[in-house]
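Everything numeric here is computed off the predicted structure, so don't read it as measured data. Just so it is clear: chains get the letters A, B, ... in the order the sequence lines come, proteins before strands, and each one is counted from 1.
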Protein chains: 2
Amino acid sequence: MDTHKSTLEEVAAAAGVSKMTVSRALRGAPDVSRATRDRVLQAAERLNYIGNRLALSLSSQRTDLVAVVVPSMSNIVFPEVMAGISNGLEGSGMQAVFGITDYDVAKEHNIIRDMLSWRPSAIIVTGLDQPDETVRMLRNAAIPVIQIMDLDGTPIDFNVGLSHERAGEEMARALIAAGRKRFGYVGSALDRDLRAGKRRAGFERVLHEHRLAFVGQRLGDTLSSVGLGKYLTHQLLDAEPKLDCIYYSNDDMAAGGAFATMEASRTDDILIAGFNGLELAAALPVRIATSRSPRRMIGEVAARLARGSGTTDNPSSGKITAFVPEITGVA
Amino acid sequence: MDTHKSTLEEVAAAAGVSKMTVSRALRGAPDVSRATRDRVLQAAERLNYIGNRLALSLSSQRTDLVAVVVPSMSNIVFPEVMAGISNGLEGSGMQAVFGITDYDVAKEHNIIRDMLSWRPSAIIVTGLDQPDETVRMLRNAAIPVIQIMDLDGTPIDFNVGLSHERAGEEMARALIAAGRKRFGYVGSALDRDLRAGKRRAGFERVLHEHRLAFVGQRLGDTLSSVGLGKYLTHQLLDAEPKLDCIYYSNDDMAAGGAFATMEASRTDDILIAGFNGLELAAALPVRIATSRSPRRMIGEVAARLARGSGTTDNPSSGKITAFVPEITGVA
DNA sequence: TTTGTTACCGATACCGGTATCGATAACACA
DNA sequence: TGTGTTATCGATACCGGTATCGGTAACAAA
């Protein structure tokens, strides 16, 4: 019935008490008699009262907000991380607020600034490659900073993720051990997706150690996608018919590669290798190699760290949580 | 250097002016001389001042927040909608806040309640099937309520989406027109994903009109996924060898179906039909039928409506934005 | 009857900004 | 010299809650 508003004051008037008593009753504080508590609750119900968190947070100096900054939404990986965070926060009374940077450093800076203006209790950001200015801002916020996904670099505070350089290395080692010799590479936008670039660098380093190199490669400049992976793979197969293995920037691209090899009837002699361990990769009609990144787990661990914001934190321990991706589909 | 805090008051002290002047200078208000403006800006810079939106919003009675409530994150569809919203909000100074309900009605109610306590300028919720209690709460919020994705029902206020019943009907009509006769169905969790249920109902209605029915079906009870679609399809193919078309609850399941038919060498006589028009569906090595849902566009339109919150809105026009999904891959 | 204790409740001062109105100084003009 | 005007700034009152402290009533104990 009543249109919007309704403040503590109004509920107080309706219940015939002071707003302080209403505040206590609604929060379940002990210093309220059963009788008045019931009156207050009824009045609040009747007026459709909904608390004002702006006032609450400003007054109590706690927001119970967790800012989360991710680069993209168009790949299922980050939504899964966000779901993990959301899940890990459940029951804590904390709320995640998300920001998307589109892999843009300047945008990231502004988004982080905007997020900090909400005075979150903790902030989760993707990667370790923020520019100095952004790092300074994060340091200055005096809240737990949790950098996720990547481990290759110097963390500001907490760090949860995996080494992408090492993931690339391990994949190369596994493929070489399995007898692969003529490698190709397909990826896209490595200048923006720095983690994909690190994987490629690690992979290539191991190739060099074994006196090998990418025989051929195709790089796109748009966001990675299944269709792009398929398209570039067809190109690469035409240009380099003798490849026996192609490494991709991620599983989406790799799935496209798998489709391309199927269409070219090359599934028997070419092994497709990706990264992430997507559900899709496991369901493909052909086996592809991939490293499973614990995306959801990373989100949950990050959430757990964020929850610890208010509690007693052991300052120096557990700052870094390292995961080692499991490689599957090679042999 | 300086650890956290720093308020307007402190910047004011540092600049030798009142906090009101700092407030004006930082917002670019006209009543400030160039000289003091510069002094203030420098002081703010030096102290690493970051505004407090809690105070700002409480004081000005505007949050510029858009609450967004979606059921899931584990399917790329909703992240794409969210990306569309985020994109559509760009440059407006508004910020989206997301909540995930996991297709749980009770959870949805609580999440909406929590969101409203932040006093958003508008709220975007998925679907039209909220229980009365939730509808009352939304009505009472006295802000624009934008229900997205679905059109089959009675909207509270704004409505942006498509009719899923009709989408199912149209797909059935197209498939029948293309000569398909023996239909199967594969889906999952239709009791929670109501829109998938509506599509199925619409599809089945048209089958009946043509004196047809699903010859066989498999229903999972977990969330839809490529693997599940593949698994259920294999089961269905074993049980009903004579199908010539299978309708799926969505494209993820359908992709799994496509893989199953490939593995069973049945790609020539069975047509796979899904819903969403995912990028993946177009890249598959076999053609599948699908209806393209304008997910990103829905998000952008919703964002545009949310932006209009503060401006002069023509109350009765443009309340409903209907999209008609385009069917591809049938013939 | 006096004194203590406990249970319950209200008054007041913030939290960190913005809106509003008024004050002051400088300058132009009569 | 007196009077407006304009530019620039500050004082004050909120916004809607919570923290803190103090007050009152009821009851038990002395």
(request) Verify the contact: side-chain N or O of Y49(A) to OP1 or OP2 of dG17(D), cut-off strictly under 4.0 Å; return yes or no. (result) yes
R119(A) CZ to dG17(C) C1', in whole Å, measures 11 Å
Are OP1 or OP2 of dA7(D) and a side-chain N or O of S33(B) less than 4.0 angstrom apart?
no
Closest non-hydrogen atoms of S121(B) and P144(B), given as atom of the first, atom of the second and distance, are O-CD, 3.3 Å
From the candidates dG16(C), dG17(D), dT18(C), the one with an atom nearest any side-chain atom of L56(A) is dG17(D)
Problem set entry | Touch class at under 4.0 angstrom, heavy-atom based, for D31(A) against every strand present | base
To the nearest angstrom, the CZ-P distance between R62(A) and dG17(D) comes to 15 Å
May I ask you to verify if any side-chain N or O of Q61(B) is less than 4.0 angstrom from the OP1 or OP2 atom of dG17(C)? no
- Item | Phosphate OP1/OP2 of dG17(D): any S23(A) side-chain N/O under 4.0 Å | no
Quiz question: going by heavy-atom distance under 3.5 Å, is there a donor-acceptor pair between the base of dG10(D) and the side chain of R24(B)? yes
Check if the side chain of K19(A) and the base of dG10(C) share a donor-acceptor pair of N or O atoms closer than 3.5 Å.
no
Separation of dT8(D) atom C1' from R39(B) atom CZ, nearest Å, is 12 Å
Rounded to whole Å, CG of L54(B) lies from C1' of dT18(C) at a distance of 14 Å
Between CG of D38(B) and C1' of dT8(D) the distance, given in whole Å, is 15 Å
Given the structure, check if the side chain of S59(A) and the base of dG17(D) hold any donor-acceptor pair shorter than 3.5 Å. yes
### Task
Indicate yes or no: does D132(B) engage R136(B) in a salt bridge with an N to O separation below 4.0 Å.
no
Assert: residue with more 5' nearest nucleotide on DNA chain D, out of V22(B) and L8(A), is V22(B)
Comparing V17(B) with A55(B), nearest DNA chain D nucleotide closer to 5' gives the residue V17(B)
Whichever of R27(B) and L58(B) has the more 5' nearest nucleotide on DNA chain C, that residue is L58(B)
Rounded to the nearest 0.5 Å, the CD atom of Q130(B) sits from the OG1 atom of T101(B) at a distance of 9.5 Å
In whole angstroms, the gap separating P of dG16(C) from CE of M20(B) amounts to 17 Å
note: R53(B), atom CZ; dG16(C), atom C1'; distance rounded to Å ~ 14 Å
Would you call M115(A) and Q95(B) a side-chain contact if the rule is heavy atoms closer than 4.5 Å? yes
Would you classify T36(B) as touching base, sugar-phosphate or nothing, given that sugar-phosphate means primed atoms plus P, OP1 and OP2, and contacts are heavy atoms under 4.0 Å? sugar-phosphate
Whole-Å distance, R37(B) CZ to dA7(D) C1', equals 12 Å
- request: Could you tell me whether the side chain of R53(A) reaches within less than 4.5 Å of the side chain of D64(A), counting heavy atoms only?
  value: yes
If the cut-off is 4.0 Å, is S60(B) near the phosphate of dT18(C), judged by side-chain N/O to OP1 or OP2? no
Strictly below 4.0 Å, N to O, side chains only: are R304(A) and E300(A) in salt-bridge contact? no
